[in-house]
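The next block holds one structure in the form of structure tokens; read it before the comments.
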Amino acid sequence: MAYVPGVALLAALAVGCSAGSDGSATDADSKPGGATVTTAPPGKYRTLPAPCRAVPSATLKDLLPGVAELPRQQQEKALRGSPTITYDTDRKVGCSWKADAPDSTRNLSIDFERVVSYDPLVSDDDRARSLYVKKENAAELPGSTTSGTAPEKGAPTSAGGGEKGQEKETGKAGDGTGSADPSPSASASTSSGTPGAPGGEDLRPRVVDGLGDAAFLDDLLTRAGSTAQHRTVSVVFRTSNVIVTVRYGEQPALVTKVPDSKELQDKAQALARKLAEVISE
């Protein structure tokens with residue numbers, strides 16, 4: 001009869017140890033401070049618009065004056081644009097147009113980039129913001145607090161001909177319309193973009209307010225040797241996790257003519273604002 005209580009005692013001890021062991025594991029799992037991963041929220045935009053259909057025909061005809069002079073079939077082809085070749089149309093798309101007129105050649109391109117962060121701790125918006133800042137820094141905007149002390153890329157600092165002529169040779173931009181003749185009188189007539197010029201406005205590369213979450217404008221005037229000068233105005237803006245780039249350029253037929261900064265900048269900005277609306281639809 002003494003055998004039975006002994007067995008019962010051993011069984012009770014075993015059950016007690018097992019219960020204590022399970023309780024310890026449960027307590028460890030329930031302790032605060034365990035590894036909890038919080039995934040960053042995805043971006044607002046999951047798709048991109050069709051780039052070659054993003055610009056209305058009426059707008060294209062205004063931006064590309066030479067199109068109106070073409071026969072109907074050629075005009076339709078020119079307005080269709082050429083899609084940019086990309087390897088992932090869910091992430092990046094673009095389209096370009098070009099038109100020749102008797103007095104100049106105009107070209108236009110737009111690019112949409114949907115930024116996706118593959119880091120679960122970094123949101124798509126934050127990744128897009130970082131990429132946008134790199135683009136703005138690369139533009140070296142005059143007076144920008146993030147672009148260092150690079151030389152100004154905009155209009156000349158005076159209405160005189162010396163600095164302005166040097167800017168043209170080095171590819172700097174921001175001067176207004178007029179002759180490419182480096183004489184003082186010609187240079188003075190092209191200084192509408194100079195800060196403080198009578199009746200003028202600052203046409204230098206700059207940050208643009210009221211466009212997306214952040215935006216900037218760049219203006220570059222180039223010339224290779226004795227050929228006509230080519231001006232390209234770029235407007236880059238970010239809205240949530242999408243970065244949009246508009247490039248609008250002109251090359252006059254005459255070597256002595258300088259493309260008009262104000263016209264190109266106004267039209268490029270107007271198009272950028274329309275594209276911001278297209279993305280939000």
Side-chain angles (χ1 to χ4, degrees), residues 42-101 104-117 124-125 127-129 131-132 135-136 139 208-220 230-251 259-260 263-281:
K44 177 180 179 180
Y45 300 106
R46 304 295 184 89
T47 60
L48 293 172
C52 292
R53 296 199 298 269
V55 185
S57 295
T59 302
L60 286 173
K61 290 179 181 180
D62 178 57
L63 294 169
L64 308 169
V67 170
E69 307 299 327
L70 297 174
R72 182 176 178 180
Q73 289 185 345
Q74 295 183 25
Q75 185 177 138
E76 292 176 352
K77 181 179 179 181
L79 293 176
R80 282 199 296 268
S82 301
T84 303
I85 298 176
T86 61
Y87 296 100
D88 187 352
T89 54
D90 287 334
R91 293 282 307 280
K92 191 171 185 179
V93 294
C95 193
S96 61
W97 297 263
K98 182 179 179 180
D100 297 320
S104 68
T105 297
R106 302 275 182 123
N107 53 78
L108 170 70
S109 69
I110 59 175
D111 292 293
F112 299 93
E113 181 178 3
R114 185 174 66 89
V115 180
V116 177
S117 172
D124 294 345
D125 280 23
R127 177 61 177 159
R129 184 180 297 107
L131 292 177
Y132 168 83
K135 291 177 181 289
E136 183 177 316
V208 177
D209 297 326
L211 176 57
D213 296 319
F216 71 88
L217 178 149
D218 199 6
D219 187 327
L220 184 63
H230 186 279
R231 184 185 297 281
T232 300
V233 171
S234 302
V235 178
V236 181
F237 71 90
R238 179 186 70 84
T239 174
S240 187
N241 62 315
V242 172
I243 298 175
V244 181
T245 302
V246 176
R247 294 185 182 89
Y248 184 41
E250 178 187 10
Q251 180 171 313
D260 187 348
E263 179 195 2
L264 297 180
Q265 290 189 19
D266 288 348
K267 290 186 175 182
Q269 288 188 76
L271 175 57
R273 296 184 190 281
K274 288 182 179 180
L275 295 179
E277 295 176 359
V278 170
I279 295 175
S280 301
E281 291 177 351

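For reference, positions follow the sequence shown, starting with 1. Heavy atoms only: backbone and side chains are in, while hydrogens, waters and symmetry mates are out.
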Looking only at heavy atoms, the pair that brings P51 and G94 closest together is CG-O, 3.4 Å

Review point. Are the side chains of K267 and L108 in touch, meaning some heavy atoms are under 4.5 Å apart?
Key: no

Does a salt bridge link R106 with E250, judged by any charged N lying under 4.0 Å from a carboxylate O? yes

All heavy atoms of S240 vs all of Y45, minimum pair found to be CB-CE1, 3.7 Å

For T84 and C95 the tightest heavy-atom approach is OG1-N, 3.4 Å

Rounded to the nearest 0.5 Å, the OG1 atom of T239 sits from the CG atom of L211 at a distance of 9.0 Å

**OP:** Please answer whether the main-chain N or O of A215 pairs with a side-chain N or O of Y132 as donor and acceptor at a distance below 3.5 Å.
**Re:** yes

- prompt: Does some side-chain heavy atom of K44 sit less than 4.5 Å from a side-chain heavy atom of D124?
  reply: no

Worksheet entry | Flag side-chain contact, heavy atom, 4.5 Å: L264 against T232 | no

Heavy-atom closest pair (G66 atom, A101 atom, distance to 0.1 Å) is CA-CB, 3.8 Å

From the list Q75, K77, K98, side chain to side chain contact (heavy atoms under 4.5 Å, CB included) with V67 holds only for Q75

When T47, V244, V278, T89 are each screened for side chain to side chain contact (heavy atoms under 4.5 Å, CB included) with F112, the one that passes is V244

Tightest non-hydrogen contact, residues P49 and I279, listed as CG-CG1, 4.5 Å

query: Should the heavy atoms of other residues, nucleotides or ligands under 6.0 Å from CZ of R46 be counted, would the total exceed 12?
result: no

CG of D266 to CG of L271, rounded to nearest 0.5 Å, is 12.5 Å

- D125/D213 under side-chain contact (heavy atoms from CB on, under 4.5 Å): CA gap, chis, key distance, verdict: CA-CA 10 Å; D125 280 23; D213 296 319; 5.7 Å; no

Distance col, row S96:OG vs D111:CG, nearest 0.5 angstrom, shows 9.0 Å

CG of N241 to CD of E113, rounded to nearest 0.5 Å, is 10.5 Å

Q.
Between V55 and W97, is the side-chain contact (heavy atoms from CB on, under 4.5 Å) condition met? List the steps.
A. CA-CA 11 Å; V55 185; W97 297 263; 4.0 Å; yes

For P56 and A54 the tightest heavy-atom approach is CD-O, 3.7 Å

Separation between CG (D219) and OH (Y248), nearest 0.5 Å, reads 13.0 Å

Worksheet item: Does a side-chain heavy-atom distance below 4.5 Å link V116 with D90?
Response: no

Checking L217, D218, I243 against V236 for side chain to side chain contact (heavy atoms under 4.5 Å, CB included), the one that qualifies is I243

- Is the closest basic N to carboxylate O distance between E76 and R72 below 4.0 Å? yes

- Task: Evaluate side-chain contact (heavy atoms from CB on, under 4.5 Å) for V208 paired with R273, printing each intermediate quantity in order.
- Result: CA-CA 11 Å; V208 177; R273 296 184 190 281; 3.7 Å; yes

When you measure from the side chain of T86 to the backbone of K92, do you find a donor-acceptor pair of N or O atoms at a distance under 3.5 Å?
yes

Short side-chain to backbone donor-acceptor contact, R231 and G249, under 3.5 Å: no

NZ of K274 to CD1 of I110, rounded to nearest 0.5 Å, is 12.0 Å

